[in-house]
Amino acid sequence: FYERRARRILPAMFLVMVFCIPFAWFILIPSDIKDFGESLFAVSIFSSNFLFWSESGYFDTEAELKPLLHTWSLAVEEQYYILFPAFMLLVWGFGAKFVIFTLLIIFILSFVGANWLTLIANGSKYNMGAFYLLPARGWELLLGVFCAFYIKKRGLIDLTNTNQFLSLLGFLMIMYSIFIFDMNTPFPSFYTLIPTIGTVLIILSATSKTYIYKILSYKYMVSIGLISYSAYLWHQPILAFTRHSLNGELSHYLALLICIASIIIAYISWRWVEKPFRDKKITSRKTIFRFSITSNIHSNYWFVT
């Protein structure tokens, strides 16, 4: 499990970090270089969400200038990958029902806590902690866990009309979130149920007979999915360094060009970095772990120096 996660996440992540270093050196002012060095170190030890939580809000103007700001969500994901398997090893002996009941309690506590911190403690440091930290985001990840348990026990939903309705509903919920939600929408909160439940509905019901499956299986959609992780990694550094260079906001035209450039770079990153490292015939287990440790050491060395 950890080897698969390392192959999937680390090579492209470290590549982006390495490419950011010379741009930071020549573009950023000394105080920003110091902040960048701290974020570089935090990303390498999977704790950037804690760093950015301590600094500012995600939608602050200052935050838009941080090249590695977006890695907060990757840190949450990595922390989950570290903790959840260990949790399962500890409790699995008590039986599946006990495990699901325990996870349900954790889900409720996480969801209630996220709503309270986001809606009641609005504007406080605790409010930003709900956005950045795993305890308030855990319930979103656990929805995926419950999907996995459901599929293992019962398989996918297989009622043609029901599948068509639920998959379409899930797709519309996600689209609604994309076009209606903005920086003023409280997150995470009950609003977050709309895209997350929508995703669950697609996972469970978008079988090969449904229209949504056919749409999402279209080759261009699949291609976007394949490079999506690299696109996620590259877009924020490019946007941030461009903003630093221009000392201000980006025009819509320039922002569109940057998005296109991010997709092109993402394809290159996926084709010549992600794919080779995920192929066990090309990259051995020993190589992937040696690469990960070496890249981590180099990142920390740059931060110290």
Side-chain angles (χ1 to χ4, degrees), residues 1-6 8-9 46-47 49-50 53 72-122 124 126-159 162-163 165-174 176-177 181 185-207 210 212-213:
F1 172 81
Y2 289 119
E3 178 190 355
R4 291 198 305 271
R5 293 299 85 201
R8 180 72 177 91
I9 293 173
F46 316 138
S47 63
N49 57 330
F50 288 98
W53 170 48
W72 74 267
S73 59
L74 188 59
V76 171
E77 179 183 344
E78 289 163 335
Q79 290 157 17
Y80 162 73
Y81 287 148
I82 292 170
L83 295 175
F84 187 75
F87 166 81
M88 292 296 285
L89 286 172
L90 290 173
V91 302
W92 191 252
F94 295 100
K97 290 184 179 180
F98 177 84
V99 172
I100 294 174
F101 178 77
T102 304
L103 290 174
L104 184 61
I105 296 299
I106 296 173
F107 173 90
I108 293 171
L109 292 175
S110 176
F111 179 73
V112 172
N115 277 274
W116 185 85
L117 291 171
T118 300
L119 300 175
I120 307 300
N122 189 31
S124 71
Y126 296 107
N127 170 244
M128 292 311 304
F131 187 91
Y132 280 109
L133 303 183
L134 179 60
R137 292 289 190 170
W139 68 270
E140 298 172 69
L141 294 163
L142 286 176
L143 284 174
V145 174
F146 294 142
C147 278
F149 275 113
Y150 182 90
I151 293 171
K152 182 176 176 62
K153 180 71 173 178
R154 300 189 178 183
L156 298 174
I157 298 172
D158 191 21
L159 300 169
T162 301
N163 286 59
F165 172 75
L166 293 179
S167 59
L168 179 60
L169 176 61
F171 183 78
L172 292 176
M173 291 170 75
I174 294 173
Y176 177 88
S177 307
F181 289 179
T185 304
F187 252 72
S189 68
F190 61 87
Y191 288 96
T192 319
L193 286 170
I194 297 176
T196 52
I197 294 297
T199 304
V200 167
L201 292 177
I202 288 179
I203 291 172
L204 295 180
S205 63
T207 58
T210 62
I212 297 302
Y213 177 92

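Positions are given from 1 along the sequence. Small disclaimer: the values here were computed from a predicted structure and weren't measured.
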From [X] atom [atom1] to [Y] atom [atom2], the distance as rounded to the nearest 0.5 Å:
{"X": "L172", "Y": "S167", "atom1": "CG", "atom2": "OG", "answer": "9.5 Å"}
{"X": "N163", "Y": "L168", "atom1": "CG", "atom2": "CG", "answer": "12.0 Å"}
{"X": "L169", "Y": "I174", "atom1": "CG", "atom2": "CD1", "answer": "10.0 Å"}
{"X": "I202", "Y": "F171", "atom1": "CD1", "atom2": "CZ", "answer": "7.0 Å"}

- Query: Quick one: side chain to side chain contact (heavy atoms under 4.5 Å, CB included) partners of L166, sequence neighbours excluded?
  - Reply: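 Per chain and number, L166 pairs via side chain to side chain contact (heavy atoms under 4.5 Å, CB included) with I157, T162, L201, S205.
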
Nearest heavy-atom pair of P135 and S110: which atoms, and what distance?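 What the structure gives for the nearest pair is O-OG, 2.6 Å.
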
What side-chain donor-acceptor pairs closer than 3.5 Å can you find for residues 185-196, not counting sequence neighbours?
| residue | atom | partner | partner atom | Å |
| --- | --- | --- | --- | --- |
| T185 | OG1 | D182 | N | 3.1 |
| T185 | OG1 | D182 | O | 3.3 |
| S189 | OG | P186 | O | 2.8 |
| S189 | OG | Y191 | N | 3.2 |
| T192 | OG1 | S189 | N | 2.9 |
| T192 | OG1 | S189 | O | 3.0 |
| T196 | OG1 | T192 | O | 2.7 |
| T196 | OG1 | L193 | O | 3.3 |

Show every donor-acceptor pair shorter than 3.5 Å between a side-chain atom in residues 138-154 and any protein atom, with sequence neighbours excluded, or say none if there are none.
| residue | atom | partner | partner atom | Å |
| --- | --- | --- | --- | --- |
| W139 | NE1 | A136 | O | 3.2 |
| E140 | OE1 | R137 | NH1 | 3.4 |
| E140 | OE2 | R137 | NH1 | 2.9 |

Looking only at atom types and distance, does a side-chain atom of N49 sit under 3.5 Å from a main-chain N or O of Y132, one as donor and one as acceptor?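 Yes; at least one donor-acceptor contact below 3.5 Å.
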
inquiry  = I'd like to know if the side chain of Q79 and the backbone of S47 have a donor-acceptor N/O pair within less than 3.5 Å.
reply    =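 Not confirmed, Q79 side chain does not pair with S47 backbone.
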
(request) With the side chain counted from C-beta on, respond yes when W72 and W53 share a heavy-atom pair under 4.5 Å apart, and no when they do not. (result)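 The answer is no, as the side chains (C-beta and beyond) never meet within the 4.5 Å cut-off.
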
Taking the side chain as every heavy atom from C-beta outward, state whether T118 and N127 have any pair of such atoms under 4.5 Å apart.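 Touching, per the 4.5 Å side-chain cut-off.
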
Problem - Which residues share a side chain to side chain donor-acceptor pair (under 3.5 Å) with R8, sequence neighbours left out - result: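 In terms of side chain to side chain donor-acceptor pair (under 3.5 Å), with neighbours along the sequence ignored, R8 is linked to E274.
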
### Query
Partners of S73 by side chain to side chain donor-acceptor pair (under 3.5 Å), sequence neighbours excluded?
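Once residues adjacent in sequence are excluded, the partners of S73 under the side chain to side chain donor-acceptor pair (under 3.5 Å) criterion are Y232.
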
Do any side-chain atoms of residues 81-109 form donor-acceptor pairs under 3.5 angstrom with protein atoms, and if so which ones, sequence neighbours left out?
| residue | atom | partner | partner atom | Å |
| --- | --- | --- | --- | --- |
| Y81 | OH | R5 | NH1 | 3.3 |
| Y81 | OH | E77 | OE2 | 2.9 |
| T102 | OG1 | F98 | O | 2.8 |

